[in-house]
There are 2 protein chains.
Amino acid sequence: MQGSSHDDVRRHNLSVVLRLVHRSGAASRSQLTKVTGLNRSTIAALVAELVERGLVIEREPSSTNQVGRPSPIVSVSEQVVALAVNPEIDAVTIGIVGLDGQVHRRVRYPTDRSPSVLEAVNIAAAVIDGMRGELDAKFTVVGIGVAVPGLVRAHDGLVRHAPHLGWVDEPLAEMLEAATGYPVLAANDASLGAMAERFFGAGQGITDLIYLNGGASGIGGGMIVGGVPAGGIGGYAGEFGHTRVSDSDRVDSAGIRGTLEAEVTRSELLDVLGLAGADVDELEQALLASTSPAVRAEVNRQIDHLAVALAGAINILNPQLVVLGGFLAALLAVDADRLRAAVGSHSLGAAFGTVRLSAAELGANLLMIGAAELAFEGLLDDPAALPAAPAPAQGA
Amino acid sequence: MQGSSHDDVRRHNLSVVLRLVHRSGAASRSQLTKVTGLNRSTIAALVAELVERGLVIEREPSSTNQVGRPSPIVSVSEQVVALAVNPEIDAVTIGIVGLDGQVHRRVRYPTDRSPSVLEAVNIAAAVIDGMRGELDAKFTVVGIGVAVPGLVRAHDGLVRHAPHLGWVDEPLAEMLEAATGYPVLAANDASLGAMAERFFGAGQGITDLIYLNGGASGIGGGMIVGGVPAGGIGGYAGEFGHTRVSDSDRVDSAGIRGTLEAEVTRSELLDVLGLAGADVDELEQALLASTSPAVRAEVNRQIDHLAVALAGAINILNPQLVVLGGFLAALLAVDADRLRAAVGSHSLGAAFGTVRLSAAELGANLLMIGAAELAFEGLLDDPAALPAAPAPAQGA
DNA sequence: CCGATTTGTGGCGTTCTGCAACGTATCACG
DNA sequence: CGTGATACGTTGCAGAACGCCACAAATCGG
């Protein structure tokens, strides 16, 4: 089924227009004609259909400072939202995220211990039930996206292995779907983070990027290759944490020796600083403020190991941008020059010359936006699939 | 320019049909309808246009053993060819490759020393001039593809850095275009090898694969991610040879320490075998025949280092298949079990469980097919762009 | 030799986009 | 404050491509 016909053209064009306003936030109709290369009349028809389906709204232009008739501004409807769910070892976070990227609500439900799948599903379902009044009154929900800290099979949302949560082969998506009635998609949290940063954070407009996140329990990552999120054959791609960076005997959570995750850890930074627990911002501040040689030595050690892994990934993938999140961003903040130099010494000039290293921008909303994006994907691919929501006019 | 219109539908459908017969070799019209999902009448019209343009031919079916009216077999025209050029340290190889993947001719022009860009271009142009009688008489040439052992900028074929040839920032494509009059595209040899193996070798039908080639001068690689050749932002992707695999002080050709290319070399295998020079097949035979403990130890050492690099790539990319070419295929042939076990010990279960390791299949034709594929790319993307070649019927 | 099955062929209708002409809203200038 | 220039929306029409349908053709099985 690779051929295309009229339906596909229409679907594709609707998809392109909706994606554009989804990512740019708002655009005039004339801008849409320029970007898409489509005719004015075609854009008018496409936008009209999207308006009728309740996906976008048109409003009068404010002040263009341009000669000529002003063009209506097209922006995404604020009613269309997705639900985002992110189970972690100490909490389950649930959010309402608009198609415009806005996080309307974020609820963190702490748990005493690492939740089982059933507990996570029940918590999510209960919180969503609590929101249902608000959801039914104000929003159209397209579905649920789940960001899982582990390996997730792409097509059906089966959690193959989430080591920190202790989940193995759990049909998370299916269970949450049954519990809430909404369609559910799940994916690896770091892959979703990469996607979120790419579209709404540090990587806007970039086609080849690597994202590495340093969390309490390890290092995960995701990547965009040629403009497309790379999931690999089973959705398990992006495990940068298990790249070998030294011959040492330290083992990581998977029992592999000398890996990035074995050498570069948040807990060791906290230990050398003498901190018990700290969030990412506090850790970064403490590192920047510290003058202790021991702290400095540990930071340098971790930076040097991180550089090996980054250089390897850069040599292989030749990305335009490397985005660091979590405590890895703190390492970058402390000594960007050292990290850059170390990466350079392990990588090829041509690939290294064009790469930028930067910190993640989205902070606490990162996974909410990424998970929601997963849920929006289907709508963006085929805006006409959803039944026209608010006003089922007979013209459709 | 992301919108699509009628022209794009037609172009896309022509492209799909031509790609199918290009890769499958031949297919009946009814098979094309099934695979593409298009209507019989549409397929008939598309095939008719491709026939008129001289790109495919229709022939009567031989014996179907099926009830019903037999469907004509559509196959690629044997007249349509691309030229393939591959400069190396000791020779320049030029080939004529058909759109059906057949290598009509392969000429290896040995050189006394590593050729300069100008010398390589002159050799290629001279050989092509010698072929011109044959080309003009029998073939339609769509262009030239060059497989370069080095980093090549994708969009204009500038050779950024080919260390073994000693080339830096050489406008190879431009020069060869001026010397021959044919459009020229250039890319990294290993990337083209990956593409060739994917479509015509060990990786048929596979969407995520890694290809590593071991040559006299080092290790290069290429990959297919999500069905698309991944070139990175500048076309420099795939440099697996510079992945760090140990803490040793051995340096590779780029001066980086402890890398795959520093640890795993063809020359060390030849040394331990006591061979002066040998081609890949001889090397493999010698390794398989040897019972020397020293040889075995060296093979094991190289296999273990290779495994680290492969495991890292597998963790990051989660491919379905890893294809090994050159002397790396010989290592696989000697002890596939050891390599598999070693890769397994450095990689994550989920990603490792689904990956297959196999040897390259295309041998000496690999880069000819890969380079030609590069030249065919434009034609496959838009079969209507080329002016109708043999019979400029007024119906067009 | 005949029916069933599968597929090619040709005409028709549908759908979507592009184009051109006209209407409209804004800015610049006097 | 009015006029021209500019840019854009709107509308009607034409063209292009595909799907559908009915009919013809070719093969196999009995």
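Residue numbers begin at 1 in each chain, while the letters A, B, ... track the order of the sequences. Note that the structure is a prediction, hence the values are computed from the model and not measured.
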Given 3.5 Å as the limit, does a donor-acceptor pair link the side chain of [X] with the main chain of [Y], or not?
X	Y	result
A:Thr42	A:Leu38	no
B:Ser15	B:Leu380	yes
B:Gln320	B:Leu209	no

**Prompt:** Got more than 12 heavy atoms from elsewhere within 6.0 Å of CD, B:Gln204?
**Reply:**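 Yes.
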**Asked** Which sits closer to the 5' end of DNA chain C, B:Ser28 or A:Ala45, going by the nucleotide each is nearest to?
**Response**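 First, find each residue's nearest nucleotide; the 5'-ward one identifies B:Ser28.
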Interatomic spacing from [atom1] in [X] to [atom2] in [Y] - rounded to 0.5 Å:
X	Y	atom1	atom2	value
B:Leu135	B:Thr140	CG	OG1	10.0 Å
A:Leu379	A:Leu14	CG	CG	10.5 Å
A:Ile73	A:Arg29	CD1	CZ	11.0 Å

**Asked** With distance as the sole criterion, do the side chain of B:Ser5 and the base of C:dC16 form a donor-acceptor contact below 3.5 Å?
**Response**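 Counting by modelled atom types and ignoring angles, no donor-acceptor contact under 3.5 Å is found here.
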**Message:** For a quick test of reading the model: is some side-chain N or O of B:Thr42 closer than 4.0 Å to OP1 or OP2 of D:dG19?
**Reply:**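 For B:Thr42, the contact criterion (side-chain N or O under 4.0 Å from OP1 or OP2 of D:dG19) is met.
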Mind calculating the distance between [atom1] ([X]) and [atom2] ([N]) to the nearest angstrom?
X	N	atom1	atom2	result
A:Asn39	D:dG15	CG	C1'	14 Å
B:Ile43	C:dT7	CD1	P	13 Å
A:Leu46	D:dG9	CG	P	13 Å
A:Glu60	D:dG9	CD	C1'	11 Å

**Message:** With side chain to side chain donor-acceptor pair (under 3.5 Å) as the criterion, how do A:Asp7 and A:Ser5 come out once you've worked through the C-alpha distance, each side chain's angles and the decisive distance to 0.1 Å?
**Reply:** CA-CA 5 Å; A:Asp7 274 358; A:Ser5 66; 5.4 Å; no
**Request:** Could you check A:Arg59, A:Glu58, A:Gln31 and say which one makes a side chain to side chain contact (heavy atoms under 4.5 Å, CB included) with A:Val74?
**Result:**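 It is A:Glu58, the one option of A:Arg59, A:Glu58, A:Gln31 that forms the side chain to side chain contact (heavy atoms under 4.5 Å, CB included) with A:Val74.
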**Prompt:** Looking across every strand, which nucleic acid part, if any, lies under 4.0 Å from A:Thr33 by heavy atom: base, sugar-phosphate, or nothing?
**Reply:**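 No contact at all - A:Thr33 keeps every heavy atom at 4.0 Å or more from the nucleic acid.
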Show me the protein contacts with nucleotides 6-8 of chain D, counting only N or O atoms at under 3.5 Å.
residue: D:dT6; atom: O2; partner: A:Gly68; partner atom: N; Å: 3.3
residue: D:dA7; atom: N3; partner: A:Arg69; partner atom: N; Å: 3.0
residue: D:dC8; atom: OP1; partner: A:Ser30; partner atom: OG; Å: 3.4
residue: D:dC8; atom: O4'; partner: A:Arg69; partner atom: O; Å: 3.3
residue: D:dC8; atom: O3'; partner: A:Ser71; partner atom: OG; Å: 3.2

**Item:** DNA chain C contacts made by residues 6-22 of chain A, counting heavy atoms under 4.0 Å
**Value:**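 Residues of residues 6-22 of chain A under 4.0 Å from DNA chain C: A:His6, A:Val9, A:Arg10, A:Asn13.
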